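What follows is one structure encoded as structure tokens, with my remarks underneath.
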2 protein chains.
Amino acid sequence: MVERLSKRGKNILQAVVSEYIATGEPVGSRTISKKQYLDLSAASIRNVMADIEEMGYLSQPHTSAGRIPTDRGLRYYVDCILTVRKLTKKEKQSIERTYRPQNLQLIDIMKETSSLLSNFSQYTGIIIAPKFGNMIFEQIEFVKLRKNQILAVFIPKAGTVRNKIIETEEELSQDELHKFTKYLNEILSDLSLKDVRKKIINEMKKEKNMCNWLLSQALRLSQEAFSSDMDDDVFIDGKFNIFDCPEFCDMEKVKTLFRAFEKKNILVKLLDQVIQGEGIQISIGTENQFQEMQECSIIASPYTWGEYASGTLGVIGPTRMNYCDIVPMVDYTARTVSKIMDAKYQ
Amino acid sequence: MVERLSKRGKNILQAVVSEYIATGEPVGSRTISKKQYLDLSAASIRNVMADIEEMGYLSQPHTSAGRIPTDRGLRYYVDCILTVRKLTKKEKQSIERTYRPQNLQLIDIMKETSSLLSNFSQYTGIIIAPKFGNMIFEQIEFVKLRKNQILAVFIPKAGTVRNKIIETEEELSQDELHKFTKYLNEILSDLSLKDVRKKIINEMKKEKNMCNWLLSQALRLSQEAFSSDMDDDVFIDGKFNIFDCPEFCDMEKVKTLFRAFEKKNILVKLLDQVIQGEGIQISIGTENQFQEMQECSIIASPYTWGEYASGTLGVIGPTRMNYCDIVPMVDYTARTVSKIMDAKYQ
DNA sequence: ATTAGCACTCAACATCAAAGAGTGCTAATG
DNA sequence: CATTAGCACTCTTTGATGTTGAGTGCTAAT
């Protein structure tokens, strides 16, 4: 339940949050009154701050310290107070320039993006590649390696080519393999990988009866080729930037956070969970379910890729992040990535 | 210059080093005399320790503290005192079991090894894959993708299959591509990648005169295919184990070390530098040239791969590592990896 | 040659006082 | 009646001070 704040309350919460984001220290009433954000005496500000604290938006580390915003306070700030900065032309260009080079493969785009997000924010940049299962089938090739080994090369309509080595029981000639691929490339064309899997199983059922050795072999091979791991590709950059955040001066905290970074599945779940709707989504501190990450905020956005598939990108940093600057940056990066990928592979 | 130590001196240095490795704290004379390694009073030990300190093998953090071994002291210990433990049967089996699963690809072996080294040592495990340039050519395939795009699939005699997408100016038919590969597979067979590059350049010179369009196209394509980046593949695991070392409780140290871990080229140079001869090599603290790594020791060993190529593996940890246990483990791991790889691809 | 004994050094720890930042409450103010 | 100056109070931070204990080097006794 969100309690409403008076105009003045908002102003003061705003002042506390900005100051806290800038310094990382608890903010006192005097500090605010001096900075002429508002023309109020310290005493008046104290009164209001006490009210806001009662609502749960602020807290005091101890009696004689200033206030720091709670996660709820930051949430209120983000939802009801924050107006994000507009990016300058220069900044926009600098984002776009990242994708200027010709011949960027999907993997390059991912790497560049995570690095961009990290450099811009000075926190940790992360991007999850479009899900493997959503890739659209374009072509498969089988190359004979040694006696009983075949290399399957899967070429999606867009995205990274993947190889898989398959061991076979009987030896197959390159000629037979050509026939297989021709057949497969026909029946699987333009399906998503998920559908490819289904299709193969269906075809296999049909084949059972028809007993066509060639077809059933082809299907068996392709099934192996597509059984490959479904791990999401996660690209992460600037992990070590958090060393520079004063709130992570505690070894234990850093340790647990880094261990979390190592578990890619946590990151994937985290981002997936954050992204429900369209556009920028923000998760603040304890709002996410992962113990290890509850000192962090995540600013994330989905990016799209034609109608094919989509992934997620974002920035992970301390709850005291500069939302005002980072939100529009993440947003513009997501839009740019979407645009670039659409352009590259219609 | 290595100064010689008396029998007694050796015993005491040994005692100090063992104790220091076990506790990480400066070691006092009483501690040693109590532990009945030797039957000497604290006072006698003090005298000897003062001598050893003068030689530069021990140092005192401050007057009223015990001694810790210097890097030189550890070097002396490793060279002249240390007798490594023999691995138990169980330990050997546990190492071998890592490579038991069928169908391990090169990349799996690398991953498993780095993880093995890290788990066993409780420090950071690292392995550098055999250099790309040393791989032996087995086969190349060209797959037509879209109008002006060709996928080159390079299959080395052993090692990881690599793809490269090549943009061409003219459209080439799959039929032509087949001819290319047939030609290339013939002339390049069994060369190392380095030699492949040379050969292509030579052939191109010859071709210039003969003006055979087909051949010159094939050569141009293959040149592009093999121009790919020569980055060494580095597999590293257990980076975060060093959080548990008391000597890395200082944020700054951890920070610089991790930044070094991120720069793969430092790691490659470091390992390459350590490995000069055969067998286990050890670099202690300041013996290596990289500022960021001078609080660390590296225990490394080359591994071989038939006559084809070889790489390096090892453990990075604090100078106060358990050399006695880790040295034989690294050694046995290197031997096992060599054996496995030889068996897999003769 | 070895060692017990002793004076000495110095980090680590605890104790204590003072300083300073910030608060909440009350009474005065426009 | 909202605002604010003033003040007593709280609690962290800092620095000074003293104490403890581990460890040393030296000397004299064994």
Side-chain angles (χ1 to χ4, degrees), chain A residues 5-13 15-70 73 246-247 249-250, chain B residues 5-13 15-70 73 246-247 249-250:
Chain A
L5 279 180
S6 65
K7 182 77 189 140
R8 169 175 295 178
K10 279 191 185 181
N11 283 336
I12 288 181
L13 181 55
V16 173
V17 170
S18 318
E19 194 64 23
Y20 177 69
I21 285 177
T23 67
E25 302 284 300
V27 185
S29 52
R30 256 178 64 87
T31 321
I32 294 180
S33 80
K34 266 192 296 187
K35 294 239 168 151
Q36 83 252 34
Y37 290 123
L38 329 134
D39 272 331
L40 282 175
S41 74
S44 309
I45 292 174
R46 275 204 288 281
N47 286 328
V48 184
M49 275 165 96
D51 294 344
I52 305 182
E53 179 169 2
E54 219 169 328
M55 294 185 202
Y57 295 151
L58 292 176
S59 74
Q60 278 185 298
H62 54 85
T63 5
S64 72
R67 259 88 172 190
I68 58 178
T70 61
E247 46 266 80
C249 60
D250 179 20
Chain B
L5 278 181
S6 65
K7 182 78 190 140
R8 170 174 293 177
K10 276 192 186 180
N11 282 336
I12 289 182
L13 181 56
V16 173
V17 171
S18 317
E19 194 64 23
Y20 177 69
I21 285 176
T23 66
E25 301 286 301
V27 185
S29 51
R30 256 178 65 86
T31 321
I32 293 180
S33 80
K34 266 192 295 189
K35 293 238 170 151
Q36 82 254 28
Y37 289 123
L38 327 136
D39 270 331
L40 283 175
S41 75
S44 310
I45 292 175
R46 272 204 289 283
N47 285 328
V48 184
M49 277 165 97
D51 295 345
I52 306 182
E53 179 170 0
E54 220 168 328
M55 294 187 203
Y57 295 150
L58 292 177
S59 74
Q60 278 185 297
H62 53 84
T63 3
S64 72
R67 259 88 172 189
I68 57 177
T70 60
E247 45 267 79
C249 60
D250 178 21

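Bear in mind the structure is a predicted one, so any value in this text is a computation, not a measurement. All values below come from the heavy atoms of this structure, side chains included, with hydrogens, waters and symmetry mates left out. Below, chain A is the first sequence line, B the second, and so on; all start at residue 1.
When rounded to the nearest whole Å, the span between CD of B/Glu19 and P of D/dG23 equals 10 Å. The distance from atom CZ of A/Arg30 to atom P of C/dG20 is 13 Å, rounded to the nearest whole Å. One interatomic measurement links the two molecules: CD1 of B/Ile32 to C1' of D/dA22, which rounds to 14 Å at whole-angstrom precision. In this structure, the CG atom of A/Asp51 is 12 Å from the P atom of D/dT3, given to the nearest Å. The separation between A/Ile45 atom CD1 and D/dT4 atom C1' is 11 Å, rounded to whole Å. What separates CG of A/Leu40 from C1' of D/dC1 is a distance of 15 Å, to the nearest Å.
To the nearest 0.5 angstrom, A/Leu5 atom CG is 10.0 Å from A/Asn11 atom CG. In this structure, CZ on A/Arg67 lies 9.5 Å from CZ on A/Arg46, to the nearest 0.5 angstrom. Distance CD/A/Glu53 to CD1/A/Ile68: 10.0 Å, rounded to 0.5 Å. Atoms CE and CD1, from A/Met49 and A/Ile52 in turn, are 7.5 Å apart once rounded to the nearest 0.5 Å. How far CZ of A/Arg8 is from CD1 of A/Ile45: 9.0 Å, rounded to the nearest 0.5 Å.
The two residues B/Ala15 and B/Ile32 have their closest heavy-atom pair at CB-CG2, 3.9 Å.
For the side-chain hydrogen bond (donor to acceptor under 3.5 Å, both in side chains) test, no residue two or more places apart in sequence or in another chain qualifies with B/Glu25. Scanning for side-chain hydrogen bond (donor to acceptor under 3.5 Å, both in side chains) contacts around A/Glu247 gives A/Arg320, with sequence neighbours left out. With sequence neighbours excluded, the residues that form a side-chain hydrogen bond (donor to acceptor under 3.5 Å, both in side chains) with A/Ser44 are A/Ser41.
Among C/dT23, C/dG22, D/dT3, the nucleotide with an atom closest to any side-chain atom of A/Met49 is C/dT23.
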Tabulate protein N/O versus nucleotide N/O from nucleotides 24-30 of chain C, keeping only pairs under 3.5 Å, one per line.
unit_1: C/dG24; atom_1: OP1; unit_2: A/Arg67; atom_2: NH2; d: 2.8
unit_1: C/dG24; atom_1: N7; unit_2: A/Arg46; atom_2: NE; d: 3.0
unit_1: C/dG24; atom_1: O6; unit_2: A/Arg46; atom_2: NH2; d: 3.2

Between the protein and nucleotides 11-16 of chain D, which nitrogen or oxygen pairs come in under 3.5 angstrom?
unit_1: D/dC11; atom_1: O5'; unit_2: A/Thr63; atom_2: OG1; d: 3.4
unit_1: D/dC11; atom_1: O4'; unit_2: A/Ser64; atom_2: OG; d: 3.4
unit_1: D/dC11; atom_1: O2; unit_2: A/Ser64; atom_2: OG; d: 2.9

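Remark: A/Ser41 is not in phosphate contact with D/dT3, judged by side-chain N or O atoms under 4.0 Å from OP1 or OP2.
Looking only at side-chain heavy atoms (C-beta outward), B/Leu40 and B/Ser33 stay at 4.5 Å or farther from each other.
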**Message:** Wobble G-U and Watson-Crick pairs count when both distances are under 3.5 Å; given that, what is the 5' to 3' dot-bracket string of DNA chain D, with | for pairing to other strands?
**Reply:** ||||||||||||||||||||||||||||||
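Using modelled atom types, no side-chain atom of A/Ser59 and backbone atom of A/Thr70 make a donor-acceptor pair closer than 3.5 Å.
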